[in-house]
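All residue numbers in this chain count up from 1 along the given sequence. What you see below is based on every heavy atom in this structure, not just the backbone, and it leaves out hydrogens, waters and symmetry mates.
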Amino acid sequence: MQADIATAAQPGQSVESGSPESAKLAQSIGVPCEIFPGEKRVATVPEVVAKLIKLGFTVAVQSGAGAAANISDADYQAAGASIVADASQLWSTADIVFKVRPPTADEVALMREGGTLISFIWPAQNPELMQLLTAKKTTVLAIDALPRTLSRAQKMDALTSQAGVAGYRAVIEAANAFGRFFNGQITAAGKVPPAKVFIAGAGVAGLAAIGTAAGLGAIVRANDTRAEVADQVVSLGGEFVKVDYEEEGSGGGGYAKVMSEGFQQAQREMYAKQAKEVDIIITTALIPGKPAPKLITAEMVRSMKPGSVIVDMAAEQGGNCELTEPGHSVVKHGVTIVGFTDLVSRLAMQSSTLYATNLFRLSEELCKTKDGVINVNMEDDAIRGLTVTKDGAITWPAPAPKQAPAPAAAKPAAAPAAKKAHGHGEASAPMAGSKLAIVFGVAAALFWLIGANAPKEFMSHFTVFVLACFVGYMVVWNVKPALHTPLMSVTNAISSIIAIGALVQISPIADALDRPNSLITWVAAAGIVLTAINMFGGFAVTQRMLAMFRK
C-alpha cells in the first residue's frame with residue numbers, strides 16, 4: 001500500500017521541480033472524503049476512475065470516501081485507483097484535487113503549494129476562502145462558475161446535473177410527508193382526489209420536480225419570472241400560472257433576476273391564492289450571490305389546508321418560506337415544512353455518478369493530449385469562466401464569453417442579377433406571362449385532341465386523374481417542411497387509394513385469362529402489390545417516428 005502511495009506522489013513532486021523530463025510525467029488526482037456535515041457525495045466513482053486513468057492520470061482515493069454513497073474501497077481499487085488512509089498525505093501529494101464541497105481552512109492548509117483544485121467554490125460567497133487559496137499559489141476551477149450559456153459546456157454543467165437530482169428528491173420528500181396518494185383513484189372504498197402541487201420556480205430543479213410530480217399523477221402548476229419556460233412547463237405535464245404583471249425576469253446565464261416591487265406584489269397575490277388551493281408547494285427560487293427571496297409568508301402558511309406540505313429547496317440559502325428551519329422538517333399551523341439542505345446527498349450514488357461524469361468531461365477538455373497533464377487554457381471561454389485563481393492570482397470574475405460572429409447578410413444584388421439574366425430588364429415580367437400563355441395554349445390543344453379521339457369512358461377516368469393530381473399536389477405542397485418526414489409517410493399511404501382502381505380492373509380474377517385486356521389485369525395486380533407495400537410501409541414508418549416522442 002505504501003509503495004502505491006509513493007508512486008502516486010512522484011508525478012506531483014516531479015512536476016513541481018520544473019525539469020523538462022518531469023513535465024511529461026502524468027499528474028495525480030486525489031479524491032478526499034467530504035467532511036461537511038451530512039454530505040454523502042464523493043467527487044468520483046469507480047467507472048469514472050477507469051476513464052481518468054485512460055486519459056493518463058493516476059488516481060488516489062482516501063479510504064472511506066465513497067462509503068456514504070455505497071462505494072467501497074475495493075471498488076475503487078478494482079478500477080485502478082490507489083487507496084490512501086491519511087487525508088493529509090492525499091492533500092499534500094495530489095497534483096489535482098477533486099472535491100464536492102468547498103474546502104475548509106484546515107483542508108487548504110494541507111494542500112500542496114501550486115496544486116490544482118476542482119470543486120464547488122462559490123467565490124462570491126467565500127472571499128476568505130479565496131484569499132487562503134491564493135496564498136497557496138493554487139489554480140482553482142470552480143465548477144459553479146461554468147458559463148452555462150455555452151452549449152459545449154453542458155456536459156460539464158454540474159449545477160444542472162445536481163439540480164435535477166434535487167428536484168426529483170424534493171417531490172419524493174413531499175410524497176413522504178403528504179398523507180394521501182398523488183394520483184386520483186376511484187375504488188370500492190371510496191374516491192381519492194389527485195394531489196395539487198404548486199412549484200415556485202421552473203429552472204432545472206423546478207422542471208425536474210414538475211416531471212416527477214406529473215409522473216406520479218398529481219395536478220401540477222408552476223410559475224417562473226421567465227416567460228420563456230412556460231412551454232417547458234406544459235410539455236412536462238404542468239400548467240403555467242402567469243403573474244398578472246408584465247415584466248421580463250431573465251437575468252442571463254440561466255438564472256432569474258431580481259424583479260421590481262410591482263411584480264413582486266402581484267406575485268405574492270398569486271402565491272397567496274395558490275396556497276389556499278393546493279396541497280403541496282415546492283419552492284426553488286435562488287438568485288446567485290444573494291439570500292433566497294421570501295416567497296411564502298407565514299400568513300400564506302396559515303391559509304393552507306391542514307396536512308399540506310411545503311418543501312423549501314432554497315433552505316440552505318435561508319429559504320423561500322418565512323417559517324423554514326434549514327436542515328429540519330417541522331410542522332407549523334398544521335403544515336409540514338421540509339427544509340432539508342441535503343436533498344442531493346439523499347440520492348448519493350446517483351448524484352455522485354453525475355458529478356463525477358461532469359468532472360471527467362472537464363478533465364477531457366483540460367487534457368486533450370491524453371498524457372495525464374492538464375492545460376488550463378485561458379483562451380477557452382469555458383475554461384476561463386471556470387478558473388477563479390491561476391497560479392495564486394485571482395482571475396474571477398471572468399469576462400463575458402466571446403460572441404459568435406453574426407451570419408453574413410444576404411446579398412441584395414441577387415434580385416437585380418436575376419433580371420439581368422433575362423437580358424431585358426423590366427421586360428422579364430411580360431416574357432414570363434407570354435410563356436405561361438403558350439403553356440396553357442399547348443395544354444388546351446392537347447386536351448382537345450384527346451377529347452376528340454378518346455372514348456367517353458377514358459375521358460371520365462382522365463378527368464378524375466387530372467383532378468387527383470392537382471389536389472394531391474396542393475396538399476403536399478402546403479405541408480410545412482419541418483413535418484415532411486412523418487406526414488409524407490401518411491400522405492403516401494393515403495394516396496394508395498389507387499389500389500381500389502386496381503381491384504376494379506382485376507375483378508373477377510377467374511376470367512382474367514380469357515379477357516382481351518389480360519395485360520391490364522396483370523398490371524393492376526402488380527399495382528396492388530406495390531401500393532400495399534406503400535400503404536403498410538408508410539404507416540409503419542410513421543408509427544416508428546411517433547414512438548420517438550412517447551415515453
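- A donor-acceptor contact closer than 3.5 angstrom is absent between the side chains of Asp342 and Ser345.
- The pair Lys332-Glu325 meets the salt-bridge criterion, with a side-chain N (NZ, NE, NH1 or NH2) lying under 4.0 Å from an Asp/Glu carboxylate O.
- Screening residues 49-82 for ring-ring contact (aromatic ring centres under 6.0 Å, His included), with sequence neighbours left out, gives no hits.
- The ring-ring contact (aromatic ring centres under 6.0 Å, His included) pairs that include a residue from residues 344-392 are Phe120-Tyr355, where partners are two or more places apart or lie in different chains.
- The number of heavy atoms from other shown groups lying within 6.0 Å of NZ (Lys40) does not exceed 12.
- With a 6.0 Å radius and a threshold of 12 heavy atoms from other residues, nucleotides or ligands, Lys155 has its NZ atom above the threshold.
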Using atom types as modelled, flag every donor-acceptor pair under 3.5 Å from a side chain in residues 202-209 to any protein atom, sequence neighbours excluded.
none

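- Other residues, nucleotides and ligands place more than 12 heavy atoms under 6.0 Å from the CZ atom of Phe178.
- Thr324 pairs by the side chain to side chain donor-acceptor pair (under 3.5 Å) definition with Asp312, not counting sequence neighbours.
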message: Does Ile210 form a side-chain contact (heavy atoms from CB on, under 4.5 Å) with Gln232? I'd like the steps, not just the answer.
response: CA-CA 10 Å; Ile210 292 168; Gln232 300 175 36; over 6 Å; no

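- Atom CZ of Phe263 sits in a crowded spot, with more than 12 heavy atoms from other residues, nucleotides or ligands closer than 6.0 Å.
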- request: Quick one: do Val376 and Ile383 satisfy side-chain contact (heavy atoms from CB on, under 4.5 Å)? Show the steps, please.
  value: CA-CA 7 Å; Val376 182; Ile383 303 303; 3.8 Å; yes

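- The two residues Val100 and Glu34 come nearest to each other via the heavy atoms N-OE2, 2.8 Å.
- Judged purely by distance below 3.5 Å, without hydrogens or angles, the side chains of Ser88 and Asp86 pair a donor atom with an acceptor atom.
- Within 6.0 Å of NZ on Lys242 lie more than 12 heavy atoms contributed by other residues, nucleotides or ligands.
- Ser92 pairs by the side chain to side chain donor-acceptor pair (under 3.5 Å) definition with nothing, not counting sequence neighbours.
- For the pair Gly217 and Pro194, the tightest heavy-atom approach, listed with the atom from each and the gap, is O-CB, 3.9 Å.
- Across every non-hydrogen atom of Leu295 and Ala200, the tightest pair is CD1-CB, 4.2 Å.
- Here the CD1-CD distance, from Ile199 to Gln274, works out to 11.5 Å after rounding to the nearest 0.5 Å.
- When the side chain to side chain donor-acceptor pair (under 3.5 Å) test is applied to Gln154, no partner is found at least two apart in sequence or on another chain.
- Taking each heavy atom of Gly201 and Thr284 in turn, the nearest pair found is O-OG1, 3.2 Å.
- Residues Met313 and Asn320 are not in side-chain contact: their nearest non-hydrogen atoms beyond the backbone lie 4.5 Å or more apart.
- Residues satisfying the salt bridge (charged side-chain N to carboxylate O under 4.0 Å, His left out) criterion with Glu173, sequence neighbours excluded, are Arg169, Arg346.
- Residues that satisfy the salt bridge (charged side-chain N to carboxylate O under 4.0 Å, His left out) test with Lys305, not counting sequence neighbours, are Asp279.
- The minimum heavy-atom distance between Phe240 and Arg226, with the atom names listed, is CZ-O, 4.5 Å.
- Glu239 pairs by the salt bridge (charged side-chain N to carboxylate O under 4.0 Å, His left out) definition with nothing, not counting sequence neighbours.
- Among residues two or more places apart in sequence or in another chain, the salt bridge (charged side-chain N to carboxylate O under 4.0 Å, His left out) test is passed with Glu322 by none.
- Listed by chain and number, the residues in a side chain to side chain donor-acceptor pair (under 3.5 Å) with Glu261 are Arg268 (sequence neighbours excluded).
- The nearest pair of heavy atoms linking Leu323 to Val330 is O-CG2, 4.4 Å.
- Here the side chains of Lys273 and Val241 are not in contact, with every heavy-atom distance at 4.5 Å or above.
- At least one donor-acceptor pair closer than 3.5 Å links the side chain of Ser351 to the backbone N or O of Val344.
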Donor-acceptor pairs under 3.5 angstrom involving side-chain atoms of residues 41-49: please list them, not counting sequence neighbours.
residue: Arg41; atom: NE; partner: Glu39; partner atom: OE2; Å: 2.8
residue: Arg41; atom: NH1; partner: Gln162; partner atom: OE1; Å: 2.9
residue: Arg41; atom: NH2; partner: Glu39; partner atom: OE1; Å: 2.9

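- Contact check for Pro399 versus Arg384: side-chain heavy atoms found under the 4.5 Å cut-off.
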